[in-house]
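These notes concern the structure reproduced below.
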Amino acid sequence: MDNAAIAGILSEIADLLEIKGENPFKIRAYRNVADIASNHPHHLASLDETSLREIPGIGKDLAGKIREIATTGDSQFHRELLAEFPPSILEMMRLQGVGPKTVAMLHRELGVQTIDDLQRAALDGRVRAIKGMGPKKEALILKAIEERKSSVGRHLLSAAQDIANAVVALLQERFPAATITPVGSLRRGCDTCGDIDILAAGADQTIMDAFVEHNLVERVLARGDTKSSVLLRGGVQVDLRLVPADSRGAALQYFTGSKAHNIALRDRAIGLGFKLNEYGLFRIEGDERVASATEEEVYEALGLAWVPPELREDRGELDAATDRVLPTLITREDLRGDLHTHSTETDGRNSVGDMAIAARGSGLEYMAVTDHSQSLAMANGLDESRALAHAARIRALDGQHGIRLLAGIECDIRPDGTMDLADDCLAALDIVVASVHSAFNQDRQQMTDRILRAIENPHVDIIGHLTGRMILKRSGYPVDIEAIVNAAARHGVALEINSQAYRLDLNDVHARLARQRGVNIVISSDSHSRDAFSVLRWGVMVARRAWLQPGDVLNTLPFDEFRSQLRRNRR
DNA sequence: GCCGTTTTCGGCCCGACTGTTTTCAGTCG
């Protein structure tokens, strides 16, 4: 029973309680714990009741439920709720504009159980007959069903950033004096975004016209004087909020979130006799505004250091901000090397020389060429003799383009945990990244043992994309992260943050855990072409969300120092 | 359901927009 499965059941309980119209704070407690479960670095199923109760938000009751789910695979309470409502009605709650009250009413009044039922009821005009509903609501539901059926759901950080940039540029051109900024999960650097939030400060209200009328818009979901939402062609929702210029700091804070961070922050504000909203920080007595123009002011007035957006997840950042011990987060400029790249020798699109020139152009001082090993036949993977010949050619180019090169390999970890190339070959290279590319269907224990065996091989320096996840396509294979992190720490093996936008693997939670256990982290591009080095910024974003400082990441070191810190060169 | 340098009971973040309403409930973020 992994954390995601536990979170799934708890969150379904929350949904069902909501449909029942239960106490909203009870619902929040369940949702809160579902969030905790899905982001927790440790395997909750392996914790006893006492350890569970040490986690804030988990009390006696929920600790018991988690234990029950861990041992039996489900909870009695959950089964009882599902007996009252068919599970298929939960799908209806995901429709835009349809919430728990509407679902409950549709179920009660019309016996609707599935989205298809609902669509038929709306087409028959039965929905509008219910008290509180009307023709517009009915049309809205049909539209939402249509969009749902063709929906794309969430979006990769990289794609969301491109769209946000386009919308911001378009608005900025029309309103040059306004300050227009992407906020929300995009500003926090989350690996995916549901919708895109943009904040405008100091523009007049005609910016809303410009926003809802521009040519990327497919449909206007809401149009107000300070808030509008549109659906762009391609299915991305974008929200624009407008605030006065002197509220910009408070609004930035408010709309950047996360929800959990904001709740904790407003709770703190209340405790200090303040109220915090998007217009400012106000004294409850007398309503005097004490901060609003900048985020720094708002945090400072609450006795806190300014918290970088990437840390705003209620994962300890408020305590650190109180004690003024927030980390100095790594930036893209801190990276001096890239340790995972491919060339035309296997499945890359550009030669080693062209890759070197591009890496130098991206400001890097060294680059490891790590083409694939033989079992990746599809990618024309290298056997021992080709690997060594390739290494010789790479070394001949070392320093030729103003950049130091390392002759390496991305060596497959075979299903049994042995390496895909002979030890003497791996020993003759400058750097070895070991990765899993096959037999993803192994169970948790097999996969864990497999990777542990790779870590024990003395020629392995780095484990690449540890969980194999493909964001929005497949979750990573099941693996005991904690066991691997501990082994990596013991053997001096570094763990990679793969910067490809669809990988970002390690993720933020795992990377933070690894660093806490003393594991060296590297940030690599996994570039397959010369224009791909820009993805390093996504890897850096993950590292920042993991609280990493430059000193936590090996490839911020100058070349010679970096080499001396590689596992193979340490003694 | 959780939590406690005000509390073991009584709190629990905050506001905008829409549709169906004549003052508000539901939804969303």
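Keep in mind that this is a model prediction, so the values were computed, not measured. Every heavy atom of this structure was used, including side-chain atoms; hydrogens, water molecules and symmetry mates were not.
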For each nucleotide in nucleotides 2-10 of chain B, reading 5' to 3', give B when a protein heavy atom comes within less than 4.0 Å of its base, S when such contact involves only the sugar-phosphate, and - otherwise.
SS-------

Applying salt bridge (charged side-chain N to carboxylate O under 4.0 Å, His left out), which residue pairs with at least one partner in residues 162-176 of chain A are found, sequence neighbours left out?
none

Name every residue in residues 292-309 of chain A that has at least one heavy atom under 4.0 Å from any atom of DNA chain B, in order of residue number, or write none if there are no such residues.
none

How would you list all residue pairs meeting salt bridge (charged side-chain N to carboxylate O under 4.0 Å, His left out) that involve residues 239-258 of chain A, not counting sequence neighbours?
A:R241-A:E278, A:D246-A:R289

Quick one: salt bridge (charged side-chain N to carboxylate O under 4.0 Å, His left out) pairs with a partner in residues 99-112 of chain A, sequence neighbours left out?
none

Nucleic acid contacts of residues 2-27 of chain A, taken as heavy-atom distances under 4.0 Å to DNA chain B:
A:N23, A:F25, A:K26

Partners passing side-chain contact (heavy atoms from CB on, under 4.5 Å) against A:D323 (at least two apart in sequence or in another chain):
A:V325

Check salt bridge (Lys or Arg N to Asp or Glu O under 4.0 Å) between A:E68 and all other residues, then give those that pass, not counting sequence neighbours.
none

Please encode protein proximity along nucleotides 20-29 of chain B as a string of B, S and -, counting only heavy-atom distances under 4.0 Å.
SS----SSSB

Residues in side chain to side chain donor-acceptor pair (under 3.5 Å) with A:Y299, at least two apart?
A:Q253, A:H261, A:R312

Which residue pairs pass the side chain to side chain donor-acceptor pair (under 3.5 Å) test when at least one of the two sits in residues 535-545 of chain A, sequence neighbours left out?
A:E310-A:R544, A:E313-A:R545, A:D508-A:R545

Tell me, which pairs form a salt bridge (charged side-chain N to carboxylate O under 4.0 Å, His left out) where one or both residues lie in residues 5-23 of chain A, sequence neighbours left out?
A:D15-A:R31, A:D15-A:R94, A:E18-A:R31, A:K20-A:E84, A:E22-A:K26

